[in-house]
Peer 1: 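So that we are looking at the same thing, I have put the structure below in structure tokens.
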Amino acid sequence: MARRHAIRTPTIRTAALALSLLTMPLVAGCDDQQSAEKTGQEIGRTVDQTADRAGEAAKDATAKAGQMLQNAGEAIQQKARDAKQDIKEAEKP
């Protein structure tokens, strides 16, 4: 599971980097300093929001996977207890 998460993190970073690189011509095309600064701030906000959403989605997925693993572990323990009880009952005279 950690490997899958490790694969997604660089992908998110790559997407954010690509977004910022694609918007560079917009900033370069601005004639005055204030327009360029405003555009840069808007781009920064967009990248931050995208990263936040991606982080939240990753946390949700990790929490769901953890719950699934916990449920599976509890089910295995219950099956082991049931099997142990069945053996004890089978050994009774």
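For clarity, every value in this text was computed on a predicted model and none was experimentally measured.
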Peer 1: Go through the structure and list residues passing side chain to side chain donor-acceptor pair (under 3.5 Å) with Arg45, not counting sequence neighbours.
Peer 2: none
Peer 1: For Gln70, enumerate each residue passing the side-chain contact (heavy atoms from CB on, under 4.5 Å) test, keeping only those at least two apart in sequence or located in another chain.
Peer 2: Gln67, Glu74
Peer 1: Using distance only, find each side-chain donor-acceptor pair of residues 86-93 under 3.5 Å and give its atom names and separation, not counting sequence neighbours.
Peer 2:
unit_1: Glu89; atom_1: OE2; unit_2: Gln85; atom_2: NE2; d: 3.3

Peer 1: Who passes side-chain contact (heavy atoms from CB on, under 4.5 Å) against Gln77, sequence neighbours left out?
Peer 2: Arg81
Peer 1: Tell me, please, which residues at least two apart from Asp52 pass side chain to side chain donor-acceptor pair (under 3.5 Å).
Peer 2: none
Peer 1: Among residues at least two apart in sequence or on other chains, which ones pass side chain to side chain donor-acceptor pair (under 3.5 Å) with Asp82?
Peer 2: Gln78
Peer 1: Roughly how far apart are Lys79 NZ and Ile76 CD1, rounded to 0.5 Å?
Peer 2: 11.0 Å
